[in-house]
Amino acid sequence: MKHKFLTPLFAVLLILSISCKENNQNDQVESKVTQEATESETDEIQKKIREAMSSAPSSISANATILDYPKDPKGKKIVLRKGTNGWICLPDNPHMPGNNPMCIDEQIKELFTAIAENREPVITRTGFGYFLQGGAPRSNANPWDTVPTPDNEWMEHQVPHIVVVSPDKSILDSLPTKMDNGGPWVMWKNTPYAHIMIPVPKNTLE
């Protein structure tokens, strides 16, 4: 004789079994989506690292700290890779026009920080910055100009270049101030932020 009292219990066990199977399938789907998202994020990070490294010779960028720009322009920069040689490299800045990845040392960082804070920079030694992909549109005369004017020597497309800064301002005296002279020139002359711009070939190792 069949045990009719087992039927409800069997039904409950069957429902639980189906539910567990569906949960496992859902977990597998969620896990796959998470994995794909993680792989996509990793690919994006590696792309930004390569872009940042393309701004300087590999002898510098290979061991540099790689930072990225936050979504909020006023936010803190994000560390993509820690370095060991004191240099900082960044990919293209999404908050500025043009293609402007860079690798800079502490002295160039101080120069740019001083501009942002509207104070005089404290340069203690010769410093270098690499912009081998070019740079964002800038005025050659005024570090704060953001649009071209009749007299601010606007550079719509910066050539690939190396920035050199020195505590000895006398080294700037013999150099031209115009960017179209075919060689190095002084940018932002007669300001506390004056530095040497050295045009160089573009780095094709992106």
Test your reading of the model: is there a side-chain donor-acceptor pair from [X] to the backbone of [Y], 3.5 Å cut-off?
X	Y	answer
Asn85	Ala62	no
Arg138	Asp145	no
Asp43	Gln46	no
Gln158	Gly134	no
Asn152	Val147	yes
His161	Ile196	no

Do [X] and [Y] have side chains that approach each other closer than 4.5 Å (heavy atoms only, starting at C-beta)?
X	Y	value
Phe128	Ile60	no
Asn118	Trp144	yes
Leu80	Leu67	no
Cys89	Pro101	no
Tyr193	Pro121	yes
Thr113	Arg119	yes

Test of understanding: clusters of I, L, V, M, F, W, Y form through side-chain heavy atoms closer than 4.5 Å, transitively. Do [X] and [Y] belong to the same one?
X	Y	answer
Met96	Val159	no
Val165	Phe112	yes
Tyr130	Val200	yes
Val186	Val164	yes
Ile88	Val122	no

Output the distance between atom [atom1] ([X]) and atom [atom2] ([Y]), rounded to the nearest 0.5 Å.
X	Y	atom1	atom2	result
Lys178	Glu153	NZ	CD	3.5 Å
Glu110	Ile115	CD	CD1	10.0 Å
Lys77	Leu90	NZ	CG	6.5 Å
Cys103	Ile66	SG	CD1	6.0 Å

Subject >> Verdict with reasoning, Lys48 to Ile78, per side chain to side chain contact (heavy atoms under 4.5 Å, CB included) >> reply: CA-CA 12 Å; Lys48 289 185 176 183; Ile78 303 159; over 6 Å; no
Where is the tightest heavy-atom contact between [X] and [Y], given as atom of each residue plus distance?
X	Y	answer
Ser55	Met102	OG-C, 3.0 Å
Leu132	Ser54	CB-O, 3.9 Å
Ile123	Pro167	O-CB, 3.3 Å
Pro148	Trp154	CB-CG, 3.4 Å
Asn140	Trp185	OD1-NE1, 2.8 Å
Pro91	Ala52	N-CB, 3.5 Å

**OP:** Could you point out which residue of Ile104, Asn100, Asn99 forms a side chain to side chain contact (heavy atoms under 4.5 Å, CB included) with Phe131?
**Re:** Ile104
Original post:
Ile49 pairs by side chain to side chain contact (heavy atoms under 4.5 Å, CB included) with which of Glu51, Lys47, Met53?
Top reply: Met53
Does [atom1] in [X] sit with more than 12 non-hydrogen atoms of other residues, nucleotides or ligands closer than 6.0 Å?
X	atom1	result
Lys169	NZ	yes
Glu120	CD	no
Lys109	NZ	no

Original post:
For the residue pair Trp188 and His195, does the interplanar ring angle fall in the parallel (under 30°), tilted (30 to 60°) or perpendicular (over 60°) class?
Top reply: perpendicular
Original post:
So Met179 and Met197, side chain to side chain contact (heavy atoms under 4.5 Å, CB included) or not? Walk me through it.
Top reply: CA-CA 8 Å; Met179 54 190 167; Met197 297 278 283; over 6 Å; no
